[in-house]
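Below is one structure, written out as structure tokens, with a few remarks after it.
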Amino acid sequence: MSKDLPKSYNHADYESAIYTRWEASGFFDPDNLPAAEAGLPGEPFTIMLPLPNANAPLHVGHALGLTVQDILTRFARMRGRRALWLPGTDHAGFETQVVFEKKLEKEGTSRFKMTREEFYKACWNFVQENKHLSEQGIRRLGASCDWSRNIFSLDPEIVKVVYETFKKMHADGLIYRGNRICNWCPKHQTGLADLETKYEERIEQFYYFKYGPFVIGTSRPETKFGDKYVVMHPDDKRYAKYKEGDKLNLEWINGPTVATIIKDKAVDMEFGTGVMTITPAHDAVDFEIAERRKLDIEEVIDKRGKLLPIAGEFVGQKIMDARSLIVEKLRAKGLVDHIDDKYTHNVQLCYKCGNLIEPQIVPQWYIKMTASFTDNETKQERPSLRDMAVAALDTKEVEIVTEKFEKIFRHWMANIRDWPISRQIWWGIPIPVKYCKQSLESLPRRQAGKVESQACGQPVVDIENKIDTCVGCGGGVIADPDTFDTWFSSGQWPYATLMASDAKKAAVGQPANDFATYFPTQVMETGWDILFFWVARMVMLSYYRTNKPPFAKVFLHGLVRDKDRQKMSKSKGNVIDPLGVIDMYGTDALRFALIFSTAAGNDIPLAEDKIKGMKHFANKLWNIARYIAALGEPLTTAVPEAKTPADQIILEKLNATIIAVTNNLENFRLHEAAQSLYDFTWHEFADIYIEATKTQLLNSESKNFTIQNLYYILNNVLKLLHPFMPFVTEAIWSELYGQEKLLMVEPWPVTK
RNA sequence: GCACGCCUAGCUCAGUUGGUUAGAGCAUCGCAUUUACACUGCGAGGGUCAGGGGUUCGAAUCCCUUGGCGUGCACCA
């Protein structure tokens with residue numbers, strides 16, 4: 001019986017209905033897959049959806065990641081594996097707070113005009129809305145993820161796992177509270193990790209001031225009020241007559257002062273005059289010298305970037321406003337030696353707002369990255385977190401697809417420093433620590449050089465929020481006001497999600513063995529821009545907590561750029577909206593265009609022409625099916641018969657294509673798999689073989705096996721293409737064979 | 001400064017461990033016209049694989065070098 005199909009494939013007629021059928025089938029949940037039901041469970045295949053941030057709509061970069069992950073998941077599923085693609089959303093602490101604060105700003109308010117509770121609730125609602133939108137977008141991309149396990153990083157079950165890790169690390173001595181200089185963003189009022197700052201080259205003035213008998217250089221006159229140490233290199237012959245510890249009386253900005261000579265090798269003799277004064281509270285290098293030499297540390301600038309009383313008449317002024325006034329005053333006092341107008345240097349900026357980072361001394365929680373430790377439970381000696389991660393690469397327990405990124409990863413690991421995990425923001429997981437109230441109040445928190453635990457014992461980790469009495473003095477306690485760096489929780493994602501899933505199941509009396517079954521995961525697919533932020537942390541934390549790698553392979557995709565290789569940005573107007581593209585050309589066209597000509601990790605130029613071309617490909621496939629369907633039913637669709645030379649050639653090429661596609665998918669060469677499918681389908685199958693069948697079909701002897709071969713090849717092509725173009729292939733499949741059998745769970749082709 | 005990568009057709013890019021005549025999409029040009037599909041088919045032009053040197057029977061691919069472009073990390077007052 002022949003079928004009449006419409007002349008061209010109209011994606012809008014099929015996509016949403018097909019997704020609904022997939023979802024209703026229950027096969028996104030691997031526990032429902034036929035093999036598992038039949039008591040023949042395939043090997044699990046797990047992949048975690050990398051956390052779309054709950055603060056922004058999907059962009060084309062998400063579309064790429066989702067496509068790659070869906071291809072891998074569908075491929076695994078069709079090969080009989082229990083494929084679990086676990087979707088989730090990250091609260092994305094700082095990122096979301098920044099976005100939400102901008103929104104508040106537009107509405108003429110700010111978080112500082114709200115209570116913390118009000119802010120948190122408003123932010124929660126904002127995130128829920130966006131989360132819903134993202135999830136709809138993910139569905140439109142055809143993502144075959146298991147919504148029954150959908151999870152949010154602020155779900156209590158996740159928070160519990162995160163807290164347990166914190167407690168264990170604290171018990172193991174890997175976490176400490178450091179009262180050190182950190183990267184402080186005066187706009188966002190929080191400390192930031194080095195990764196969360198960026199550098200920008202600027203040409204500014206460099207000032208040379210007379211400091212007693214010396215000339216000192218500085219780019220930041222506004223920090224110089226409290227300077228009382230003058231530092232030079234011990235081998236600098238120019239200053240040999242000054243000895244360590246010598247005191248000098250001299251005139252400075254706000255009057256006479258006493259300076260102490262310090263000799264330290266941290267000074268670069270070649271730079272400036274080889275003499276500097278130090279400002280330990282607002283400069284990392286100066287702080288390091290002061291800490292090492294036990295020098296006094298005095299704050300000059302407050303957390304909002306205004307001068308403190310030590311600045312005398314300048315108190316309360318913003319540092320940038322004060323700078324020129326201070327220079328004028330020094331000039332009036334005859335203390336300006338000269339000024340270099342063309343001083344090129346790099347300034348450190350907040351990666352979000354681009355404001356200058358103001359180094360400040362703020363107590364923060366840190367994780368030791370390079371210290372080996374004794375596991376408090378097992379009493380076993382274990383290597384440092386860094387060393388565990390590097391060992392994972394050495395043993396190939398974790399492999400990063402494309403060597404280039406492995407090198408970058410190792411380089412970063414070699415230079416890693418302790419990770420500050422506390423943030424002074426409100427949107428996030430609170431740090432589960434209590435302090436003695438009395439000691440906190442008697443010692444103003446965040447006062448430079450003081451640690452709040454001095455009065456009454458140590459801070460106490462309280463993950464169940466039960467402690468209300470200070471163990472030292474018996475008085476009240478105060479909860480740590482800070483939240484975790486988002487990456488501390490998302491860094492635990494691969495195991496935390498599965499542990500949390502078990503906790504949820506156990507709570508309703510279901511068998512809970514997700515962690516046992518689906519961990520470690522097989523693949524982590526994400527953009528290279530979060531290799532350090534996320535991938536590195538997952539590897540370290542997973543080995544720490546589970547003794548296992550979080551995933552076997554890391555597949556890093558590149559940035560999607562426009563056709564001229566420009567970064568997509570709203571201001572350039574070159575942003576491709578994935579949902580708009582889907583409306584116009586269909587999901588399959590977008591997916592295939594994204595995958596088609598890119599290697600792992602390389603940036604992807606995406607032009608509308610390419611997407612359009614792939615829509616043509618979907619239509620070509622549709623018309624191949626239409627041609628074949630019109631020929632009527634075959635005797636069998638399972639056995640090909642190579643009787644004519646054309647048959648032989650096409651069946652050989654099909655076998656070669658099956659092998660190539662399978663092999664390329666196994667090795668993450670998705671673009672090569674896509675290219676060979678495109679080429680085979682269009683130029684071998686359609687252009688050559690189908691043209692040849694027009695003659696073969698005229699002959700009644702060859703008609704039957706020709707129809708048989710056409711179906712056989714079409715079926716295989718549909719299966720091979722399904723991971724890449726799930727909608728059009730499923731649409732054709734159901735037009736041919738009805739809606740009962742889903743292509744999604746058909747077995748993967750094998751060669752005949 | 002430390003590290004990494006890239007340079008292949010007009011444009012955007014593929015090219016796995018070295019192995020036929022170096023490929024695709026788009027663009028260009030010619031031909032075909034009620035065809036499963038114009039969202040088409042057939043065909044053509046277009047490359048010193050950045051330059052130079054080396055290893056090899058053989059190099060876009062490996063090594064050295066020069067030039068150009070880019071990225072990550074660090075960062076000096």
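Atom set for the values below is all heavy atoms of this structure, side chains included, hydrogens, waters and symmetry mates excluded. So that the names make sense, note that chain A is the first sequence line, chain B the second, and so on, each numbered from 1.
The listed nucleotides are B/C73, B/C39, B/A77; the one nearest the side chain of A/Phe206 is B/A77. Nearest nucleotide to the A/Phe271 side chain, out of B/C76, B/G15, B/A74: B/C76. Closest to the A/Glu672 side chain, of the nucleotides B/A77, B/A14, B/G41, is B/A14. In this structure, the nucleotide among B/C39, B/G15, B/G41 sitting nearest to the side chain of A/His671 is B/G15. If you check B/A77, B/C73, B/C39 against the side chain of A/Met276, the one that comes closest is B/A77. The side chain of A/Ile624 approaches B/A36 more closely than any other nucleotide in the set B/A36, B/A74, B/C39. The listed nucleotides are B/G72, B/A77, B/C39; the one nearest the side chain of A/His616 is B/C39. Comparing B/A36, B/C39, B/C76 by their closest approach to the side chain of A/Glu691 singles out B/A36. The listed nucleotides are B/U16, B/C4, B/A77; the one nearest the side chain of A/Ser219 is B/A77. For A/Asn346, the side-chain atoms get nearest to B/C75 when compared with the rest of B/A36, B/C4, B/C75.
Just one of A/Trp622, A/Phe727, A/Trp733 meets the ring pair (Phe, Tyr, Trp, His ring centres under 6.0 Å) condition when paired with A/Tyr14; it is A/Trp622.
Comparing the P positions of B/G41 and B/A36 gives a spacing of 13 Å, expressed to the nearest Å. Between the P atoms of B/C7 and B/G51, the separation comes to 12 Å (whole Å). Rounded to a whole angstrom, the distance from the P atom of B/G30 to that of B/G68 is 42 Å. Nucleotides B/A22 and B/A59 place their P atoms 13 Å apart, quoted to the nearest Å. Taking atom P in both B/G52 and B/G15, one finds a spacing of 24 Å when rounded to whole Å.
Of the side-chain N and O atoms in A/His683, one or more sit less than 4.0 angstrom from OP1 or OP2 of B/G25. The side chain of A/Arg417 places an N or O atom within less than 4.0 Å of a non-bridging phosphate oxygen (OP1 or OP2) of B/C75. Residue A/Arg626 places at least one side-chain N or O closer than 4.0 Å to OP1 or OP2 of B/C37. Listed pair A/Lys7 / B/C37 meets the phosphate criterion, a side-chain N or O lying under 4.0 Å from OP1 or OP2.
Look at A/Arg292 and A/Asp264 and you find a salt bridge, because one of the NZ, NE, NH1 or NH2 atoms lies within 4.0 Å of a carboxylate O, short of that distance.
A donor-acceptor pair shorter than 3.5 Å cannot be found between the side chains of A/Ser219 and A/Glu204. With no hydrogens or angles considered, a side-chain donor-acceptor pair links A/Thr644 and A/Asp647 at under 3.5 Å.
With RNA chain B read from its 5' end, the first of the two nearest nucleotides for A/Asn663 and A/Ile688 is the one closest to A/Asn663. Residue order along RNA chain B, read from the 5' end via each residue's closest nucleotide, puts A/Arg669 first among A/Arg669 and A/Asp687.
Across all strands, A/Ala618 comes closer than 4.0 Å to no nucleic acid atom at all (heavy-atom distances). Among the protein residues, A/Asn667 comes within range of no part of the nucleic acid, since none of its heavy atoms lies under 4.0 Å from any strand. At a threshold of 4.0 angstrom between heavy atoms, the contacts of A/Tyr199 include nucleobase atoms, whether or not backbone atoms are also involved. Using a 4.0 Å heavy-atom criterion, one finds that A/Gly613 contacts no nucleic acid atom at all. Note on A/Val267: a base of the nucleic acid sits closer than 4.0 angstrom, heavy atoms only. A/Ile216 comes within contact range of no nucleotide atom at all, as no heavy-atom separation falls under 4.0 Å. Among the heavy atoms of the strands lying under 4.0 Å from A/Asp194 are primed sugar atoms or P, OP1, OP2 only; no base atom is included. The residue A/Lys694 sits close to a base: some heavy atom pair falls under 4.0 Å. Among the heavy atoms of the strands, none lies under 4.0 Å from A/Gln348.
Under the Watson-Crick or G-U wobble criterion, with both distances below 3.5 Å, B/U33 has no partner in any strand shown. Searching all strands for a Watson-Crick or G-U wobble partner of B/C26 with both distances below 3.5 Å returns B/G10. Across all strands shown, B/C62 forms a Watson-Crick or G-U wobble pair, both distances under 3.5 Å, with B/G54. Checking B/G72 for Watson-Crick or G-U wobble geometry (two distances, each under 3.5 Å) identifies B/C2 as its partner.
Taking 3.5 Å as the limit, the base of B/C37 and the side chain of A/Asn619 contain no donor-acceptor pair of atoms between them. With hydrogens and angles ignored, a donor-acceptor pair under 3.5 angstrom links the side chain of A/Lys620 to the base of B/C37.
Put simply, CG on A/Leu590 is 21 Å from P on B/C39, counting in whole angstrom units. Across the protein-nucleic acid pair, A/His345 atom NE2 and B/G1 atom P stand 18 Å apart, rounded to whole Å. For the pair A/Leu670 CG and B/G15 C1', the computed distance is 16 Å after rounding to whole Å. We find that CZ of A/Phe287 is positioned 18 Å from P of B/A77, with the value rounded to whole Å. Rounded to whole Å, atom P of B/U40 lies 10 Å from atom NZ of A/Lys612.
The number of heavy atoms from other shown groups lying within 6.0 Å of NZ (A/Lys342) does not exceed 12.
Aromatic ring centres of A/Phe724 and A/Tyr678 lie farther apart than the 6.0 Å criterion allows.
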I would like to know whether A/Thr681 and A/Lys620 meet side-chain hydrogen bond (donor to acceptor under 3.5 Å, both in side chains); could you show each step before the answer?
CA-CA 9 Å; A/Thr681 305; A/Lys620 187 75 186 177; over 6 Å; no
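In this structure, NZ in A/Lys407 is found 13.0 Å from CG in A/Leu393, a value given to the nearest 0.5 Å.
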